[in-house]
Number of protein chains: 2
Amino acid sequence: MFEARLIQGSILKKILDAIKDLVTDASWDCSPNGMSLQAMDTSHVSLVSVSLNSDGFDKYRCDRNLTLGMNLISLSKIIKCAANDDTIIIKAGDGGDKITLLFEAQNESEVAEYEIKLMNLDSEYLGIPDTTYNVTIKMPSNKFQRICRDLSQIGDAVTISCAKDGVRFGAAGDLGSGSIRLAQTATSDKPEDSVTISMQEALCQSFALKYLNHFAKATPLSAQVTLSMSPDVPLGEPLLFNVCVVEYNISDNDDENPSTIGFIRYYLAPKIDDTDES
Amino acid sequence: MFEARLIQGSILKKILDAIKDLVTDASWDCSPNGMSLQAMDTSHVSLVSVSLNSDGFDKYRCDRNLTLGMNLISLSKIIKCAANDDTIIIKAGDGGDKITLLFEAQNESEVAEYEIKLMNLDSEYLGIPDTTYNVTIKMPSNKFQRICRDLSQIGDAVTISCAKDGVRFGAAGDLGSGSIRLAQTATSDKPEDSVTISMQEALCQSFALKYLNHFAKATPLSAQVTLSMSPDVPLGEPLLFNVCVVEYNISDNDDENPSTIGFIRYYLAPKIDDTDES
DNA sequence: CGGTACGTAC
DNA sequence: GTACGTACCG
């Protein structure tokens with residue numbers, strides 16, 4: 001028996017918006033600690049990881065571990081049937097082949113019930129690197145989204161150059177080139193708008209904007225985004241251990257005392273400057 | 001060395017929106033007096049002229065005359081990367097093959113820098129007629145845009161009939177016909193909404209709505225538009241000397257004391273009632 | 001200026 | 001049907 005209740009159902013809508021264009025099928029792993037999902041994107045280039053703590057739910061019960069494989073496009077369609085202010089309840093029986101979603105309106109006079117068929121998905125093991133990142137950039141998520149969108153006009157890849165006092169996002173293409181420089185903000189600035197850089201050594205890496213634009217769809221989840229990177233490791237090291245992590249906290253925003261109930265992390269390998277690729 | 005600084009960068013965004021669908025490539029002529037651009041539209045039917053006075057900029061320096069040929073679609077893409085409240089700085093070196101655009105955010109902690117490659121464009125001489133127009137109609141620009149859009153539903157051409165007390169815009173087509181009559185407003189009305197007619201003799205001419213709809217994209221630049229025309233000259237006279245001019249002033253709107261910093265003018269020959277054309 | 005909504009293009 | 005860009009509204 002599994003049951004999870006989230007008063008602020010709009011959080012689930014935002015999570016689905018943030019991953020459904022990247023991953024079509026995935027399994028939610030449910031344990032007494034919470035629900036989580038890991039999956040490669042369709043082109044097997046990036047990796048998405050969602051984690052929701054059990055104590056972030058308004059009610060959470062998980063008698064034994066479950067793996068709920070499903071089509072995320074279908075889940076997204078169903079979740080869109082909930083109003084933004086609905087309470088969402090996810091239910092699953094042990095060993096069942098479906099989950100039930102309940103959408104309760106605030107006045108409780110209306111309840112919608114949807115069922116989604118589950119799928120048996122090959123549970124590919126996803127080795128998420130347990131790396132310590134030397135460079136961490138925390139910045140307004142809408143600014144990050146805007147920068148990625150703007151630079152997509154210029155080229156396919158963004159080059160991120162980071163120093164202690166600021167970070168530069170650059171791109172180049174047929175029509176010219178562009179770059180945006182952000183200075184680290186004073187600590188007195190309000191937290192939402194702050195740009196915070198934490199680093200041991202300078203860094204310069206390139207990433208495919210196509211994926212970053214997909215990641216940036218998580219912007220409604222959090223006012224700030226955290227980019228974590230490490231300078232290039234020596235050639236020959238496996239690429240998976242040298243990635244960029246784009247992380248958004250999932251918070252209960254409507255509450256008077258907002259609390260983080262989980263996170264969504266995207267992992268992307270840097271684009272190697274290889275003249276072979278067009 | 002050329003440098004022009006415009007605090008209200010949104011003006012440049014509006015100018016590009018007003019011309020990019022009509023002209024793909026064009027040269028900006030920069031002189032100590034200001035920047036200007038003249039170009040025929042892609043189908044060589046209409047003519048666009050943009051002029052920005054040097055004293056309309058917040059800083060302007062032009063050591064020697066420059067011709068900056070560029071793709072306006074590319075320029076428009078880059079300009080879209082500026083926020084509406086950014087300050088835009090245009091820089092060009094003498095004889096360089098690129099210009100630099102700087103977008104400064106209001107808080108100055110963010111600076112974007114874009115470079116656009118320049119092109120060598122054939123500088124076709126554009127004989128802009130130095131005509132005195134006998135009929136001038138000044139009216140709200142949004143009303144003109146709406147009339148052109150509405151009449152496009154009816155037919156391909158608008159017939160403008162003007163008398164001292166008012167003007168009529170008419171069109172006819174397969175599904176029927178339509179016409180809008182505007183009376184000259186009392187002088188007491190507020191300037192933005194006023195309709196002002198100045199003329200020596202009555203006039204009736206037709207114009208292709210396709211082009212007028214393109215011209216009307218300059219509507220965000222100015223609350224009023226001026227249509228200038230002359231009655232038909234005798235047959236046999238060259239058509240270029242008998243055109244309609246659609247003019248929008250370019251103003252610094254946000255300022256407490258708004259000032260005109262330039263204009264955008266569109267020239268279009270009347271559509272001759274010729275049964276040969278379909 | 002940010003968010004939502006609509007319309008268009010893929 | 002989905003995703004993007006544009007337009008309007010708050």
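If you're wondering where the values come from, they're calculated on a predicted model, not measured in any experiment. Each chain gets a letter, A, B and so on, in the order its sequence line appears, and its residues count up from 1.
In this entry the distance linking CD1 of A/I79 with C1' of D/dT2 reads 18 Å, nearest Å. A/Q153 has its CD atom 13 Å from the C1' atom of D/dT6, to the nearest Å. Computed from coordinates, the B/Q145 CD to D/dT6 P distance equals 15 Å when rounded to whole Å. Atom CG in A/L22 sits roughly 15 Å away from atom C1' in D/dT2 (whole-Å rounding). Between the C1' atom of D/dA3 and the CG atom of A/L209 lies a distance of 17 Å, rounded to the nearest Å.
A/S76 and A/D17 share no donor-acceptor pair across their side chains, judged by distance under 3.5 Å alone.
Sorted by first then second residue, the salt bridge (Lys or Arg N to Asp or Glu O under 4.0 Å) pairs that include residues 36-52 of chain A, not counting sequence neighbours, number zero. Applying the salt bridge (Lys or Arg N to Asp or Glu O under 4.0 Å) test to pairs two or more places apart or on separate chains, those with a residue in residues 110-120 of chain A are A/K98-A/E115. Listed by first and then second residue, the salt bridge (Lys or Arg N to Asp or Glu O under 4.0 Å) pairs involving residues 207-226 of chain A are A/D21-A/K217 (not counting sequence neighbours).
Comparing D/dA3, D/dT6, D/dT2 against the side chain of A/D21 picks out D/dA3 as the nearest.
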Please set out all donor-acceptor pairs under 3.5 angstrom arising from side-chain atoms of residues 83-91 of chain B, sequence neighbours excluded.
| from | atom 1 | to | atom 2 | distance (Å) |
| --- | --- | --- | --- | --- |
| B/D86 | OD2 | B/A83 | N | 2.9 |

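Legend: residues meeting ring-ring contact (aromatic ring centres under 6.0 Å, His included) with A/Y248, ordered by chain and number and at least two apart, are absent. For the ring-ring contact (aromatic ring centres under 6.0 Å, His included) test, no residue two or more places apart in sequence or in another chain qualifies with B/Y211. For A/M40, the side-chain contact (heavy atoms from CB on, under 4.5 Å) criterion is met by A/H44, A/L47, A/E124, A/L126, not counting sequence neighbours.
Residue A/K20 places at least one side-chain N or O under 4.0 Å from the OP1 or OP2 atom of D/dA3.
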Enumerate all atom pairs, one protein N or O and one N or O from nucleotides 1-3 of chain C, separated by less than 3.5 Å.
| from | atom 1 | to | atom 2 | distance (Å) |
| --- | --- | --- | --- | --- |
| C/dC1 | OP1 | B/D85 | N | 3.2 |
| C/dC1 | OP1 | B/D85 | OD1 | 2.3 |
| C/dC1 | OP1 | B/D85 | OD2 | 2.7 |
| C/dC1 | OP2 | B/D85 | OD2 | 3.0 |
| C/dC1 | O5' | B/D85 | OD2 | 3.3 |

Nucleic acid footprint by protein, nucleotides 5-10 of chain C - heavy-atom cut-off 4.0 Å, B for base, S for sugar-phosphate alone: ------
